[in-house]
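First the proteins, then the strands, lettered A, B, ... as listed; each starts at 1. The model shown is predicted, which means the values in this text are computed figures rather than measured ones.
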2 protein chains.
Amino acid sequence: MARLPVYLRALGTFADRNVATVSSEELAGAAGVNSAKLRKDLSYLGSYGTRGVGYEVAYLRYQISRQIGLTQDWPVLIVGIGNLGQALANYGGFVSRGFRVVALLDADPARAGEVVAGLAVRPFADLSAVAAEHGPCIGVIATPASAAQQVAGALVAAGVRSILNFAPAVLAVPDSVDVRKVDLSIELQILAYHEQRKTARFVALDGPDDVRDPRFGAEVPAGAGFGGRP
Amino acid sequence: MARLPVYLRALGTFADRNVATVSSEELAGAAGVNSAKLRKDLSYLGSYGTRGVGYEVAYLRYQISRQIGLTQDWPVLIVGIGNLGQALANYGGFVSRGFRVVALLDADPARAGEVVAGLAVRPFADLSAVAAEHGPCIGVIATPASAAQQVAGALVAAGVRSILNFAPAVLAVPDSVDVRKVDLSIELQILAYHEQRKTARFVALDGPDDVRDPRFGAEVPAGAGFGGRP
DNA sequence: GTGACTTTGTGCATGCGTTCACATGAACCT
DNA sequence: AGGTTCATGTGAACGCATGCACAAAGTCAC
């Protein structure tokens, strides 16, 4: 499940405070979920606590880590060393949680050899060699959207089956490949949507009034010279 | 809905190719969703196309933009000018999609005055003044996890009701405040989970064999000297 | 103007996730 | 040793999103 990492992090904070056991209520509060959901999740993964007491922090932590596959470090290769790629390479949160950036790739030949976060940037053509060298690994796409699909194809061809995509593009990959998408503009747009609803401004100050289409009762903007409907 | 921005971007690619109308099938393909789902989403937001023809690209684009609230630029303020904060400030994808970074804040006094992406970094104490100056805006938390809750509280106190949180922490905010979370380690961990299941290595090379608890039939690791159960 | 075709909009069923509520089981106190 | 208390684990119901399949509606050709 997608909530296991959240539980794991919450358990980490309890461990930092030297808490030995936690109840599902406490842990759920720290993770921001319902306690019943948490219990069901944990029971589903086969782990269990002690009735009347709760969950042993260290034991549960180890079990979840193991379930996720964090008992070993996963190699991560980052493609596209722009602003975002560099920030990711320098981000310390990876290595502390079971991941290790092993290679930085960029299509721009001028950047090859440049050192970022202690790693030399390698030409994109090295991809298959790097992937073969490290075995199963995770590819991170931090390129512009225009290059994302091509990079994804190359990653798949190199044997990478897990991709984290930061480019604002929909990637087409085989079913055997997992793609997770992180899209900053989408997150912002969702926030803007809710923000707009909260500030109940029915009409933008620079916009047209709404009109109501008698046929459907649906809101339709008048167009404001937008070259409306025929 | 959370898919509207995806549709909007797909429509953008059609507009760039000077396509006048798209069918739900085409648009759904570009957005990576089912066509029925797309039609239902669009009908739910009140917009509509033309039966037998499809959707007029420019018109639908305008309507979705308007629905999301992108007819005006939303001010964005970024708190925490570390690696990630700088990358976000320099990221061009914001301004092109209805957002404008208006302020950079950092708690470190030594950074005040530093210029990043054309903006001077301001001390964190300026937050309420900045928020008051720009009206409804979106706050981005790019600080370490330890500072995230405090920053969130300050943002809320300053009147910010939409927060994009990059820090690996669960934020407690009033119900009236929307928080969206972007967590790189969680995404990587989810990928690692699936990657581990794909490479069906039942036992990690450095880990213990699984044993089966006769009481529940659930998988339980032997512990490998982990200081197992009493 | 009529017919055939294309595509939208939507009722309906299915499946999944979430949540409540309760029984099970373990520890602790007397 | 027995009862009490506490928290887990789970059965069952609810609600929601998804997807199919079809009718409504509009266009194009003749």
- Rounded to whole angstroms, how far apart are CD on E25(A) and P on dT5(D)? 19 Å

- Check whether any side-chain nitrogen or oxygen of Y55(A) sits under 4.0 Å from OP1 or OP2 of dG9(D), and answer yes or no. yes

- Message: So, OP1 or OP2 of dA21(D): does either fall under 4.0 Å of a side-chain N or O from R39(B)?
- Response: no

- Message: Can you work out whether V53(A) or A36(A) has the more 5'-proximal nearest nucleotide on DNA chain D?
- Response: V53(A)

- Message: Below the 4.0 Å mark, does dC28(D) have OP1 or OP2 next to a side-chain nitrogen or oxygen of R51(B)?
- Response: no

- Task: Please report, rounded to the nearest Å, how far the P atom of dC16(D) is from the CG atom of D41(B).
- Result: 16 Å

- Message: Which nucleotide wins on minimum distance to the side chain of S24(B), given the candidates dT8(D), dT8(C), dC12(C)?
- Response: dT8(C)

- Message: Can you confirm whether the side chains of Y59(A) and Q63(A) place a donor and an acceptor under 3.5 Å from each other?
- Response: yes

- Item | Any side-chain donor near an acceptor of the partner, E56(B) and T21(B), under 3.5 Å | no

- Query: Separation of L38(A) atom CG from dG17(C) atom C1', in whole Å?
  - Reply: 15 Å

- Atom CG of L45(B) and atom P of dT8(C) are separated, to the nearest Å, by 15 Å

- Message: Please report the distance, rounded to the nearest Å, between CD in E56(A) and C1' in dA7(D).
- Response: 16 Å

- Message: Exactly one of D183(B), I190(B), L188(B) should register a side chain to side chain contact (heavy atoms under 4.5 Å, CB included) with P5(A). Which one does?
- Response: I190(B)

- Do the side-chain N and O atoms of S24(A) and R39(A) include a donor-acceptor pair separated by under 3.5 angstrom? yes

- Could you check how far NZ of K40(A) sits from P of dC20(C), rounded to whole Å? 12 Å

- Query: Can you find a side chain N or O atom of S43(B) that sits less than 4.0 Å from OP1 or OP2 on dT10(C)?
  - Reply: yes

- Message: On DNA chain C, does the nearest nucleotide to N34(A) precede the nearest nucleotide to M1(A) from the 5' side, or the other way round? Give the residue.
- Response: M1(A)

- Taking atom P of dC16(D) as reference, at what distance in whole Å does atom OH of Y44(B) sit? 10 Å

- Item | Exercise: do S43(A) and D41(A) side chains pair donor with acceptor under 3.5 Å | no

- Given that V22(B) and K37(A) both sit by DNA chain C, which one's nearest nucleotide is further toward the 5' end? V22(B)

- Note on the structure: note: L42(A), atom CG; dT10(D), atom P; distance rounded to Å ~ 11 Å

